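Read the structure below first, then the notes.
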Amino acid sequence: MTVGLVGLGLWRIAEAFVTPEAKDKAKSAIVGVVFLALSFSTLTFARGGSSSDGKKASSITSTALEMPGGKILIALAGLIIIGVGAYGIFKGATKRFKKDLEAGAQGGNVGSAITISGMVGYIARGIAFAVLGIMVIWATLTSDPSKVSGMDAALRTIGSQPVGVVLLIFTALGFILYGIYSIARAKYTNEV
């Protein structure tokens, strides 16, 4: 998973240099940095440690909670993260991502393996982000900044559920399939 996230991060950053539109450049660069940060958290999680990202997030949250209106800002950030996750789930479940792929496909149709990879990948990624957003909101409601952490804590939270191992396997397979989908996406978007 770590290697896949590093690859995705580097690919998106490289894409920022070759994409003509400024909006797409910024989006690619931001997503690339997010994937690289997630790869660090994933590596730390895989090694059995807890990521320093969680400590940084707790420190930032603690400072924000002390500010006037800080709770509202943190809750808003949590809602945005949940929204990103929900959109990923929606995009995967409705196969909306196919429009991007089919625009670059010569025949107009994308294979079923790529479609399934995109569906499962978007849904798994959306679930991970939604859990992270819920943790941010929970920290706000309890005024406990230690509840805010990185993606590693979100994955640990998923793993601690009654069927957590199954959920983690699904999430890991989803991220792998999202990586496969991203490779296909790169192929098709290069043909545009």
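Quick note: numbers below take in every heavy atom, side chains included, and nothing from hydrogens, waters or symmetry partners. Bear in mind that the values here come from a model prediction, so they are computed numbers and not experimental data. Position 1 is the first residue of the sequence, and the numbers go up from there.
Tracing side-chain contacts under 4.5 Å through hydrophobic residues (I, L, V, M, F, W, Y), one reaches Leu36 starting from Phe17; they form part of the same cluster. Both Val163 and Val131 are assigned to one and the same hydrophobic cluster, defined by single-linkage of ILVMFWY side chains at heavy-atom distances under 4.5 Å. No single ILVMFWY cluster, assembled from side-chain heavy atoms under 4.5 Å apart, contains both Val3 and Phe175.
One finds the CE atom of Met119 at 12.5 Å from the CD1 atom of Ile89 (value rounded to the nearest 0.5 Å). To the nearest 0.5 Å, atom CD1 of residue Ile114 and atom CG of residue Leu177 are 12.0 Å apart. Taking CG from Leu8 and OH from Tyr181, the interatomic distance works out to 11.5 Å, rounded to the nearest 0.5 Å. Lys98 NZ to Thr115 OG1: the interatomic distance, rounded to the nearest 0.5 Å, is 4.0 Å.
Under a 4.5 Å side-chain heavy-atom criterion applied to ILVMFWY residues, the cluster that includes Phe90 comprises Tyr87 as well.
Across all their heavy atoms, Ile81 and Phe129 have their closest contact at CG2-O, 3.1 Å. Closest approach of Ile13 to Ala29, counting heavy atoms only: CG1-O, 4.4 Å. Pairing each heavy atom of Leu79 with each of Ile137, the nearest pair is CD2-CD1, 3.6 Å. Counting all heavy atoms, side chain and backbone alike, Ser28 lies closest to Thr19 at OG-OG1, 4.5 Å. Nearest heavy atom pair, residue Ser117 against residue Ile180, reads OG-CG2, 3.8 Å.
No more than 12 heavy atoms of other residues, nucleotides or ligands lie within 6.0 Å of CD1 in Ile72, so this atom counts as exposed by the packing criterion. Enclosure of atom NZ in Lys25 by more than 12 non-hydrogen atoms of other residues, nucleotides or ligands within 6.0 angstrom is indicated.
Note: Tyr122 and Phe97 have parallel aromatic rings, judged against thresholds of 30 and 60 degrees for the angle between ring planes.
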